[in-house]
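Working notes, structure below.
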There are 2 protein chains.
Amino acid sequence: MPFLENIEYDHLLEEFKSVLRKNSLKFTKQRETILKTLYNFPGHFLPEEFYNLIKKNEPNSNIGIATIYRTLNLLEESEIVTALSFGKNGKKYELANKPHHDHIICKNCGLILEFEDKSIEKRQKEIAQQNGFELTNHIMQLYGICPKCKRKKIGI
Amino acid sequence: MPFLENIEYDHLLEEFKSVLRKNSLKFTKQRETILKTLYNFPGHFLPEEFYNLIKKNEPNSNIGIATIYRTLNLLEESEIVTALSFGKNGKKYELANKPHHDHIICKNCGLILEFEDKSIEKRQKEIAQQNGFELTNHIMQLYGICPKCKRKKIGI
DNA sequence: AAAATATTGATACATTTTATCATTTTTTTA
DNA sequence: TAAAAAAATGATAAAATGTATCAATATTTT
Ligand SMILES: [Mn+2]
Ligand SMILES: [Mn+2]
Ligand SMILES: [Zn+2]
Ligand SMILES: [Zn+2]
């Protein structure tokens, strides 16, 4: 593993440990495995997908699905991961190691791209203000057909 | 009921009947009751909330919860209603009798306000295009604290 | 090392939504 | 308009995602 990534992971680990200490929580093998998996697999994953990813990559870990849910919730509250909601199809999690962004999603193949747009973010703040709201967060997801699927001329 | 509203409702009803005819579906008392309730109660409601609304307002209808779900799905596919997702807390439905809009939602009291912003919509189209996507739809929800709740100085 | 504390995996349970199916209602046909 | 065909219904079982419970285990503190 390249040097830089090791440094980044160590930093992340320290951040997690700090959150745990602050809340009188314990540093366990399972929590470390989940954090490492988040780090090693950039992308957007459902709890179930993490569960299978860990079973495959850390066959000796034997983590229960409940621990996956518990730990992702903890990491989300701690803002170490962010979640992307798919309605009743669950939430996909990703490491929060990049600046805020939104997503554009292919309705055919599920491809997820990321983007950020300062002008939209600015308008959102203005709209909230106009309505007297104190804005805390937002969700924005664009849905469509990706270039690859367009080429295949899929009928959705 | 005022005259204008009757005209609008009749128009809506004809639209629904046309969808049903087109798909060889039948016009039933239950489907009419649900459409009428959507029309009479503007707002954003969960299937369960519609179910209770109808039980209260049409005590003789005896509609099953399954029919509520089935009919809302049908109306959504037919673009007669639109849905607002609340993750695992379900979807709130509203009659699609106004132009496209997005929502700003109070995290404390659940108040939902509507807005439309042409400049955001335009940027969304541009972003999709830049990524080679054919944009079909989007979701955007702003979350925050409404003026009333702000005044109460709620600690979230 | 012992005691205190928190976590874990298994699994029961909760919640939202869909599937199943016998019966009823609506529409078509004659 | 009566009979036949087709679809919808309500009740409820089942699926799917996520949370709660709990005895056993691991971590941390003393
Ligand atoms: Mn992302
Ligand atoms: Mn609305
Ligand atoms: Zn695609
Ligand atoms: Zn409020």
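The sequence lines fix the lettering, A, B, ..., with proteins before strands; numbering per chain opens at 1. Worth knowing before you read on, the calculation uses all heavy atoms, side chains too, and leaves out hydrogens, waters and symmetry mates.
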Along DNA chain C (nearest heavy atom to each residue), the more 5'-positioned of K91(B) and K29(B): K91(B)
Value in whole Å for how far the P atom of dT17(C) lies from NZ of K92(B): 12 Å
Rounded distance (Å) that lies between atom P of dG18(D) and atom CD of E76(A): 11 Å
Pairwise side-chain contact, I120(A) with M140(A), heavy-atom cut-off 4.5 Å (strictly under): yes
4.5 Å side-chain heavy-atom contact, L53(A) and F41(A): yes
Stacked cation flag K92(A) on F86(A), 6.0 angstrom / 45 deg: yes
Nearest-0.5 Å distance, CG of residue N131(B) to CG of residue L142(A): 9.0 Å
K88(A) vs K26(B), nearer the 5' end of DNA chain C by closest nucleotide: K88(A)
Rounded distance in Å - CG (L74(B)) to P (dT17(C)): 17 Å
Point-to-point distance, once rounded to the nearest 0.5 Å, from CG of L74(B) to CZ of R31(B): 5.5 Å
Protein-nucleotide distance (L72(B), atom CG; dT17(C), atom P), rounded to Å: 10 Å
Distance in angstrom units between L25(A) CG and dT27(D) P, rounded: 15 Å
Phosphate OP1/OP2 of dT25(C) contacted by Q30(B) side-chain N/O (<4.0 Å): no
Nearest heavy atoms of L95(B) and I80(B), plus distance in Å: CD1-O, 3.6 Å
Distance under 6.0 Å and angle within 45° of ring axis: K17(A) vs F27(A): yes
Sorted by number, the residues of residues 48-69 of chain B with heavy-atom contact under 4.0 Å to DNA chain C: A66(B), Y69(B)
Sugar-phosphate only, base, or nothing, as touched by N89(B) at under 4.0 Å among non-hydrogen atoms: nothing
Stepwise side-chain hydrogen bond (donor to acceptor under 3.5 Å, both in side chains) check, E49(B) with Y51(B): CA-CA 5 Å; E49(B) 291 170 336; Y51(B) 181 64; over 6 Å; no
Whole angstrom value for the distance that separates P of dT17(C) from CZ of F86(A): 18 Å
Any donor-acceptor N/O pair under 3.5 Å between dG10(D) base and R70(B) side chain: yes
Sub-4.0 Å heavy-atom contacts from residues 13-24 of chain A onto DNA chain C, ordered by number: S24(A)
Short side-chain N/O contact to dA6(C) OP1/OP2 from T28(A), under 4.0 Å: no
Protein-nucleotide distance (E32(B), atom CD; dA8(D), atom P), rounded to Å: 16 Å
Y9(A) and Y39(A) aromatic ring geometry - parallel, tilted or perpendicular at 30°/60° bounds: tilted
